[in-house]
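See structure below.
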Amino acid sequence: MMLEIRNLTAAYGKVPALFGVDLDVRKGAVHGVMGHNGMGKTTLLRTVMGIMRSSGGSIVLGGMNVSGMEAHQRARRKLGYVPQGREIFGPLSVRENLELGCLAERNPEHRINEVLETFPRLKRLLDRRGGDLSGGEQQLLALARCLCARPELVLLDEPTEGIQPSIRDEIRDVLKSLADAGLTILLVEQNIDMLSSLCESVSLLERGRIVKTVHRQDRSPSVLATELIDLLSAL
Amino acid sequence: MNTAIIILFNIFLGIGVLVLTTMSLAVIYGFMRIINLAHGEFMMLGAYSVWFSTSLGVNIWIAILIIAPLVVAIIGVIIERTIIRFLYGRIIDTMLATWGVSLLLIGTVTALFGNHVRGLSTPLGSFSIGDYGVSYYSLALVVISFVALFGLWAVFRFTRFGLIVRATMLRPEMAAALGINRDRVYVMTFALGAGLAGLAGGVIAPLAGVFPSMGMVYIIKAFIAVLIGGPAAITGITIASSLLAPVSVVGSFLASSVVGEIALLTLAIVLIRLLPMGITGRWPRLSL
Ligand SMILES: Nc1ncnc2c1ncn2[C@@H]1O[C@H](COP(=O)(O)OP(=O)(O)O)[C@@H](O)[C@H]1O
Ligand SMILES: [Mg+2]
């Protein structure tokens, strides 16, 4: 397993947001998490990343218990994070944003060029300020910045939220090729097409708990999509 | 003609002093959002470092350019680790804490060295322009100020350290998720800011005299300059100093130094009224 979460709890002050989450992500898999707004999807990813402290339970990353580690230590253990809202460094150039993903690299310039092979759209934007990019371009940048650090597991929070359809397809294609190349992804998403076309398994998060997990097995994307829609509308 | 040259020189000197005494706040307030009420006392410690080390026979330039910033940077590290780091994001608490630090530092220095003015002989001598005497040291001050200002800008513009600091101040959580140790960045940035105050105090010491409450003269104007400068702090203090200092110098020349001060404060109030977010108010925070 790449990631094993057991009985994970987290709270904002005294208000609990995660009530004992159990979740496994197999190495090389794309695992989806869906759920309505406010159910705790972002909280789950922030807690796994270590930006938010857990109040109980355990997070095991690649066989090592990282529950007590700070976010930067988890990042150095090859955990990558593409947050909801993208969190681009607005006043910094696109190149500088990417350099921040290359802090452990010997030759950042080379690494950036390598990653940009997957993101041709960003090549022309290197000297623009991150804050001046469109939402879709910023999403690509956030993903590229994360990949620069050579993560083994990527936490991806609603990558297509509020993004124009043309770039949404581009993002899906990039994720598909990353998944085919063996990257492990924990994908929080509300868009059923994204989930059904990318994920090997999808969990439903409901009020801070995983209430159901569906495995693709041999189902086609459209069959899986129908099943996910049924699951969501049954709530 | 000579008078014009002297006025011009005094304008540069005024800008230099203002920039020099404000750079620390550009980092500690502009970047870190900490209102450091001990700013003047950090300068005072720099000045005492110069006085003390030269009295032990250290070369004055080494004392000013190396010992003063280093000593105050180390004191900055201690203060950040023991006090400031518990208070990030709590503006009022940090103000109270740094005010306490300021009183503590004044008290300690007074107890150790007494409450009188220690003079330092100004190095380098002087020359005259017409009837006016000008010390080479004040010329050196202008040069040191502009070199330090450019150096500070270059650090944030071109170095990996500068990039990491800006990213961390913009989005601490995202920076941590990229592998940056936030705590270390905070302490190093605070130390940089403290070191700049130490440098300022050290450079000014031979001109201003060294005494426990010497920092009070500078702190108000430094905060005015950084507030008027706005969110792009380094560019901001450069422009603000370049506007405020000439007004004060010309005012002093035409009437008296009191009039110069009043002119400076009047311009400051007008600028804050016209540009409440500062001169660089439309720039994003931490742009250069
Ligand atoms: N910063 C915060 N402070 C307090 N409560 C929060 C905060 N962020 C989220 N919450 C609460 O935690 C719950 C889960 O939120 P979140 O994880 O953002 O949900 P999702 O990503 O599924 O929309 C919600 O009830 C939300 O109101
Ligand atoms: Mg969310």
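Order of the sequence lines sets the chain letters (A, B, ...), proteins ahead of strands, with each chain counted from 1.
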Next on the checklist: Please determine whether a side-chain nitrogen of the Lys or Arg among B:E173 and A:R46 lies less than 4.0 Å from a carboxylate oxygen of the Asp or Glu.
Outcome noted: yes
Checklist entry - Is the number of heavy atoms from other residues, nucleotides or ligands within 6.0 Å of CZ (B:F12) greater than 12? => result no
Checklist entry - Does any non-hydrogen side-chain atom of A:F89 lie less than 4.5 Å from one of B:T168? => result no
Next on the checklist: Would you say that more than 12 heavy atoms from the other residues, nucleotides or ligands in this model lie under 6.0 Å from the CZ of A:R53, or not?
Outcome noted: no
Checklist entry - Should we count CZ of B:R282 as having more than 12 external heavy atoms under 6.0 Å? => result no
Next on the checklist: For the backbone of A:A71 and the side chain of B:R182, can you confirm whether one donor and one acceptor N or O come within less than 3.5 Å of each other?
Outcome noted: no
Item to check | Greatest number of heavy atom pairs closer than 4.5 Å to chain B - which of A:M52, A:R77, A:E96 | outcome: A:E96
Checklist outcome for this item: Cut-off 4.5 Å, heavy atoms of chain A, and the answer for B:L163 is both
Checklist entry - Is the count of non-hydrogen atoms from other residues, nucleotides or ligands lying under 6.0 Å from B:L104 atom CG greater than 12? => result yes
Item to check | Contact origin within A:R74 toward chain B - heavy atom pairs under 4.5 Å | outcome: neither
Checklist entry - Can you find a pair of side-chain heavy atoms, one from B:R160 and one from A:L103, that are under 4.5 Å apart? => result yes
Next on the checklist: Within a 6.0 Å radius of atom CZ on A:R6, are there more than 12 heavy atoms belonging to other residues, nucleotides or ligands?
Outcome noted: yes
Item to check | For chain A, the option from B:P172, B:A175, B:G179 that forms the most heavy-atom pairs under 4.5 Å | outcome: B:G179
Checklist entry - Can you say whether B:R157 sits under 4.5 Å from chain A via the side chain, the backbone, both, or neither, judging by heavy atoms? => result both
Checklist entry - Which atoms form the tightest heavy-atom contact between A:L100 and B:I180, and what is the distance? => result CD2-CD1, 4.2 Å
Checklist entry - If you round to the nearest 0.5 Å, how far is CG of B:L178 from CZ of A:R76? => result 11.0 Å
Checklist entry - Contact part of B:R285 toward chain A, heavy-atom cut-off under 4.5 Å: side chain, backbone, both or neither? => result backbone
Checklist entry - Going by heavy atoms in the side chains, are A:R145 and B:M174 under 4.5 Å from each other? => result yes
Next on the checklist: Counting neighbours of CE on A:M1 that are heavy atoms of other residues, nucleotides or ligands and sit closer than 6.0 Å, is the number greater than 12?
Outcome noted: yes
Checklist entry - Ignoring hydrogens and geometry, is there a side-chain-to-backbone donor-acceptor pair from B:R166 to A:L92 under 3.5 Å? => result no
